[in-house]
Amino acid sequence: MVKPLEYLTYRGGPGHWSWILHRLAGVGVFLFLLIHIVDIALIGWGPKVFNKLLFLYRAPAFRTGEVLLVGAVLYHAINGIRICIIDFWPETMALHRKLTYAVGIIFVALFIPTAIYMLSFVVK
Amino acid sequence: MNGAGRPKPESGLELYAWIFMRISGIALLVLALGHLLIMHIVHNVDHIDFQFVAQRYATPFWRTYDLVLLWLAMIHGVNGVRTVLVDYVSPRGWRTASLASLYLLGFVLLALGSLAILTFQPPMAP
């Protein structure tokens, strides 16, 4: 059992942080998947019920959450590529620090413009 | 150090779970990012309504896409949360209870989602 304080004091470096972010993003996306299944299942009750529900998803708070969701999936995906590279080609472990920074750079480069584009519909 | 993710298990079900996470992850890279790109960026909740889904589900292609995405995402997600629970929930009773709830929730929602995708009837064109 890891105490919360140990997260802050353990100095695992960038690999440690990418591991924490990977878990947080994964659990967050999973929780959204559960809700998303329920809302899509409502389509079986016809257009009235389904279209009524969409007002909820069009609310600014939900659309901001949607941007966070895209960020979580994107980070989990790019970091997942790093995990696969190192696990399938163990010799790349020598580059692990560079790969971790590359994940951060690629994530920021893709997420910032995407987030600005998505938010432009919220504040129109 | 022997890898970036969870250390590769020696054998058995844990080894298959470890391999599955990586293979399904690569598939989800295309399926989940493709889904986000189409449904949340190119289109977005301003365009999506019942009519949009009805047109999308008029042919089997997107139903199959969504069904494969749903199953891979759910199994990938349940297995990921299982790893997290095993890491943090050490008391035996709580661990069993939390894992059982996870499996039950995953199973029920996978069934509900599959049913929604497979049984949806697009209304006749007006």
Side-chain angles (χ1 to χ4, degrees), chain A residues 1-2 15 18-19 22-23 26-27 29-44 46-51 54-59 62-63 66-67 69-70 73-74 76-88 90 92-93 96 99-100 114 117-118 121-122 124, chain B residues 1-8 18-19 21-23 25-26 28-30 32-33 35-37 40-41 44-46 48-54 57 66 69-70 73-74 76-78 80-81 83-84 87-91 102 105-106 108-117 119-121 123:
Chain A
M1 189 75 184
V2 183
S18 61
W19 175 80
H22 197 76
R23 289 203 150 180
V27 172
V29 172
F30 180 73
L31 291 177
F32 176 76
L33 172 66
L34 301 182
I35 301 166
H36 191 33
I37 291 173
V38 176
D39 68 60
I40 291 303
L42 290 175
I43 202 158
K48 269 193 192 135
V49 175
F50 187 73
N51 287 346
L54 286 167
F55 282 102
L56 197 65
Y57 277 104
R58 285 172 186 157
F62 271 83
R63 299 203 67 169
E66 192 188 8
V67 178
L69 171 75
V70 168
V73 175
L74 194 61
H76 198 84
I78 299 168
N79 193 54
I81 298 175
R82 180 186 69 89
I83 293 175
C84 286
I85 290 174
I86 294 182
D87 283 348
F88 291 144
T92 55
M93 195 62 198
H96 78 95
L99 284 171
T100 304
T114 308
Y117 178 74
M118 289 180 75
F121 292 96
V122 185
K124 62 177 174 239
Chain B
M1 288 278 261
N2 61 354
R6 189 158 70 102
K8 188 175 179 178
W18 186 91
I19 295 169
M21 286 312 260
R22 280 143 190 83
I23 302 296
I26 293 166
L28 286 166
L29 212 60
V30 179
L33 289 180
H35 173 78
L36 284 179
L37 189 66
H40 297 259
I41 296 165
N44 61 50
V45 284
D46 289 328
I48 296 167
D49 58 8
F50 186 87
Q51 196 54 40
F52 185 92
V53 180
Y57 274 10
D66 285 358
L69 174 61
L70 170 68
M74 183 54 94
H76 188 100
V78 165
V81 174
T83 315
V84 173
D87 271 359
Y88 299 120
V89 186
S90 28
L102 172 71
L105 194 66
V108 169
L109 286 174
L110 189 58
L112 180 68
S114 305
L115 213 64
I117 294 172
T119 63
F120 176 73
Q121 299 268 2

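Each chain gets a letter, A, B and so on, in the order its sequence line appears, and its residues count up from 1.
Contact annotation for A/L33: only side-chain heavy atoms (C-beta onward) come within less than 4.5 Å of a heavy atom of chain B. Interface remark: A/F62 contributes no atoms to any contact with chain B (heavy atom separation under 4.5 Å). For chain A, the nearby parts of B/D46 are the backbone and the side chain; heavy atoms of each come within less than 4.5 Å. Contacts between B/L69 and chain A at a heavy-atom distance below 4.5 Å are absent for every atom of the residue. For A/Y57, the parts lying near chain B are the backbone and the side chain together; criterion is any non-hydrogen pair under 4.5 Å. In this structure, chain B has a heavy atom under 4.5 Å from the side chain of A/L54, while its backbone stays farther away. Only the side chain of B/V81 comes within contact range of chain A, with heavy atoms under 4.5 Å apart. Residue A/L42: no heavy atom, backbone or side chain, is found under 4.5 Å from chain B. For B/L109, the parts sitting under 4.5 Å from any heavy atom of chain A are the backbone and the side chain alike. With a 4.5 angstrom heavy-atom cutoff, A/T114 touches chain B only via side-chain atoms. With a 4.5 Å cut-off on non-hydrogen atoms, B/L115 does not touch chain A at all. Within the 4.5 angstrom heavy-atom criterion, only side-chain atoms of B/L70, from C-beta onward, approach chain A. With a 4.5 Å cut-off on non-hydrogen atoms, A/P47 touches chain B through its backbone and its side chain both. Both the backbone and the side chain of B/I41 have a heavy atom closer than 4.5 Å to some heavy atom of chain A. With a 4.5 Å cut-off on non-hydrogen atoms, B/L105 touches chain A through its side chain but not through its backbone. Only the side chain of A/H36 comes within less than 4.5 Å of a heavy atom in chain B; its backbone stays farther off. With a 4.5 angstrom heavy-atom cutoff, B/M74 touches chain A via backbone and side-chain atoms both.
Summarising the geometry, atom CZ belonging to A/R23 is positioned 4.0 Å from atom CG belonging to B/D87; distances are rounded to the nearest 0.5 Å.
Of all the listed residues (B/L36, B/I117, B/N44), the one sharing the greatest number of non-hydrogen pairs under 4.5 Å with chain A is B/N44. The candidate with the highest count of non-hydrogen atom pairs below 4.5 Å against chain B, out of A/K48, A/R63, A/H76, is A/R63. Heavy-atom pairs under 4.5 Å with chain A were tallied for B/V78, B/T119, B/L28, B/L110; the largest tally goes to B/V78.
Remark: the backbone N or O of B/V45 is paired with a side-chain donor or acceptor of A/R58 at under 3.5 angstrom. At distances below 3.5 Å, not a single donor-acceptor pair connects side-chain atoms of A/D87 with backbone N or O atoms of B/K8.
B/A116 approaches A/A41 most closely through the heavy-atom pair CB-CA, 3.7 Å.
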